[in-house]
Amino acid sequence: MKKTNKIALVDCNNFYASCERVFNPKLNGRPIVVLSNNDGVIIARSDEAKQLGIKMGDPYFKVEKLIKQNNVAVFSSNYTLYGDLSARVMSVLEKFSPEVEIYSIDEAFLNLTGIESSNQTEYLRNIRATIKKWLGLPVSIGLAPTKTLAKLANRIAKKNKEFDGVLNLFDYSNWDKFLEMVEVEDVWGVGRQYAALLHRNNIHTALDLARANQKWIKKRMTVVGLRTVLELNGISAIDLEHQPPAKKSIVSSRSFGEYLTKFDDVMEAVAFFVARASEKMRAQSSACRIMQVFIRTNPFKNSPQYYNAAEVHLPYPMNGTNELLPYAKQALQKIFRMGYYYQKVGVLLMDFVQTNTMMVSLFDPPNRINQIKATEIMDQINKKYGREAIYFAAAGMKERRRWQMKRQLLSQHFTTNWKDLPEVKA
DNA sequence: TCTGGGGTCCTAGGACCC
DNA sequence: TCTGGGGTCCTAGGACCC
């Protein structure tokens, strides 16, 4: 007989806000918010900040008054810090299960099917206590036979104090009351559009969705929606991904700290994004056959609007920053128009091949091997000494990038600090 | 003044082939 | 001029996730 799967979802509560608090105990009890890049909108809130009515996605300037009145601690997002703490959380989780799917920076699915434990719920509480003790981060945990139900259980555990952060569905014989507690738009896999469709058709809770007509669901929400319904009924339709598959596309893009109007300034940013995206691509041993460059004005601004993208089909798969740069410039030349206030550009790399299967082409430039070696060395140095210990001059001098985003409220880099290192330019 | 960044999957429809 | 089945590949668009 096939064993019932036992899938846990572990989720860090208010992750970015909690990270800021870990190294600054004075913030205990004080409301905290974390801002998006460019200090634009709120992307994370502590419980206290939520209680003040500050919403996810609120523009900072709109809630600034409320923030000042209530002595809210405000931080620019510090992804170096969050990434580092995330890695530590994940390595703790790996002690509790041989099969961990890192689902996002603050969430992981654990396969606990084979774990021997007389009291499964105690096991979950132990996971929670360990992360709290070792890292100072609060987490919630849901355990269920499918990923979608584990998400749902996790949500209930987080929202309802009486569960103390842990809900094991297997402790209950009838789950209807739990499914009824969750609005359909809060089910994993149901977004804004589908939620509206479902409400129009009298499907309001997770329980309604679980009992919905499956033919109708498939017709209106494709097989993806059908999988959600199956999973709500305890039938596994979304597998745990043990080995994260290599990315099929990699994008690097950012809004500027100030609007740009000149080609050279924009090109500097493009060069930076080519460097960032290709570095990620090399880290997964890929090379791309297609590169896209896109550019746009600020759609919220009442000024002439422009959006365009250019795709370059490369003559052979590439992954070196230096070999991609000329093509990026060509692409930008195709779409750049004078007379606009540009707010954002980006670089998208796609159509990958694995570098170990890359063919050496007769048409490769003769010095290509040397270039590849130089790139490898650069990546190694940057990995060791921190991002941009070495970088291409085309991306502009670090200290005077006009496009660099604003991060005026950045916390210190508690876990990594490279600022005393000498700078080398490539 | 001020509105994030980085991804995936699925489907429909068109081009093209036999 | 109208009319077929069946297959593949590609792209754009729409939905979703954190």
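Chain letters run A, B, ... following the sequence lines, proteins first and then strands; every chain starts at 1.
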(message) Does A:Glu162 have more than 12 heavy atoms from other residues, nucleotides or ligands lying within 6.0 Å of its CD?
(response) yes
(request) Please state how far atom CD1 in A:Ile43 lies from atom C1' in B:dG5, giving the value in whole angstrom units. (result) 9 Å
(request) Identify whether any heavy atom of A:Asp58 sits under 4.0 Å from a base atom; if not, whether one sits that close to sugar-phosphate; answer base, sugar-phosphate or nothing. (result) nothing
(message) Both A:Glu241 and A:Tyr60 contact DNA chain B. Taking the nearest nucleotide for each, which residue is further toward the 5' end?
(response) A:Tyr60
(request) Starting from C1' on B:dG6, measure out to NZ on A:Lys248 and report it in whole angstrom. (result) 15 Å
(request) For A:Leu349 and B:dG6, give me the distance from atom CG to atom C1', rounded to whole Å. (result) 13 Å
(message) Can you check the distance between C:dC17 and B:dG4, where both ends of the measurement are the C1' atom (answer in whole Å)?
(response) 15 Å
(message) Any base atoms under 4.0 Å from A:Ile250, or only sugar-phosphate, or nothing? Heavy atoms, all strands.
(response) sugar-phosphate
(message) Among B:dC2, B:dT3, B:dG6, which nucleotide has an atom closest to any side-chain atom of A:Val251?
(response) B:dG6
(message) Counting neighbours of NZ on A:Lys50 that are heavy atoms of other residues, nucleotides or ligands and sit closer than 6.0 Å, is the number greater than 12?
(response) yes
(request) Could you pick out which residue, A:Gly57 or A:Lys218, lies toward the 5' side of DNA chain B when each is mapped onto its nearest nucleotide? (result) A:Gly57
(message) With a 6.0 Å cut-off (strictly less than), is the heavy-atom count around NZ of A:Lys219, excluding the residue itself, greater than 12?
(response) no
(request) Give a yes or no on whether the ring-centroid distance for A:Tyr16 and A:Phe75 is below 6.0 angstrom. (result) no
(message) Each nucleotide in nucleotides 7-16 of chain C should get exactly one letter: B, S or -. Can you fill that in based on protein heavy atoms under 4.0 Å?
(response) --------SS
(request) For the side chain of A:Lys344, starting at C-beta, report the closest nucleotide among B:dG4, B:dG5, C:dC18. (result) B:dG5
(message) Counting only side-chain nitrogens and oxygens, does A:Ser36 get under 4.0 Å of the OP1 or OP2 atom of B:dG5?
(response) no
(request) Please step through side-chain contact (heavy atoms from CB on, under 4.5 Å) for the pair A:Tyr306 and A:Arg337, ending with a clear verdict. (result) CA-CA 9 Å; A:Tyr306 179 71; A:Arg337 303 276 180 276; 3.6 Å; yes
(message) If you only use heavy atoms from C-beta on, which nucleotide in B:dG6, C:dC17, B:dT3 is closest to the side chain of A:Asn298?
(response) B:dT3
(message) Set out, in order, the CA-CA distance, both residues' side-chain angles and the distance that settles side-chain contact (heavy atoms from CB on, under 4.5 Å) for A:Tyr82 and A:Glu20, then state yes or no.
(response) CA-CA 9 Å; A:Tyr82 312 149; A:Glu20 296 292 349; 2.7 Å; yes
(request) Quickly work out the A:Lys62 NZ to B:dG4 P distance and round it to whole Å. (result) 12 Å
(message) By the 4.0 Å heavy-atom rule, please label A:Glu64 as base, sugar-phosphate, or nothing.
(response) nothing
(message) Just checking A:Arg220: does its CZ atom have more than 12 heavy atoms from other residues, nucleotides or ligands closer to it than 6.0 angstrom?
(response) no
(message) OP1 or OP2 of B:dG6 versus the side-chain N and O atoms of A:Arg254: is any pair under 4.0 Å?
(response) yes
(request) Consider the side chain of A:Ser253, meaning its heavy atoms from C-beta on, and name the nucleotide among B:dT3, B:dG6, C:dC18 that approaches it most closely. (result) B:dG6
(request) Report the distance from atom CD of A:Glu101 to atom P of C:dC18, rounded to the nearest whole Å. (result) 12 Å
(request) Ignoring backbone atoms, establish whether A:Ser252 has a side-chain N or O less than 4.0 Å from OP1 or OP2 of B:dG5. (result) no
(request) Would you indicate what A:Arg276 reaches in the nucleic acid, counting non-hydrogen atoms under 4.0 angstrom: base, sugar-phosphate, or nothing? (result) nothing
(message) For a 4.5 angstrom cut-off between non-hydrogen side-chain atoms, does A:Leu198 reach A:Ile217?
(response) yes
(message) Between A:Glu48 and A:Arg21, is the salt bridge (charged side-chain N to carboxylate O under 4.0 Å, His left out) condition met? List the steps.
(response) CA-CA 13 Å; A:Glu48 300 83 3; A:Arg21 189 124 73 188; 3.6 Å; yes
(request) Please tell me which of the listed nucleotides, B:dT3, B:dC2, B:dG6, lies nearest to the side chain of A:Lys301? (result) B:dC2
(request) Nearest whole angstrom, please: distance from the P of B:dG6 to the CG of A:Leu348. (result) 11 Å
(request) Grab the CG-P distance between A:Asn78 and B:dG5 for me, whole Å please. (result) 16 Å
(request) Using atom CD1 of A:Ile54 as one end and atom P of B:dT3 as the other, report the distance to the nearest whole Å. (result) 18 Å
(request) Select base, sugar-phosphate, or nothing to describe what A:Tyr259 touches, counting heavy atoms under 4.0 Å on all strands. (result) sugar-phosphate
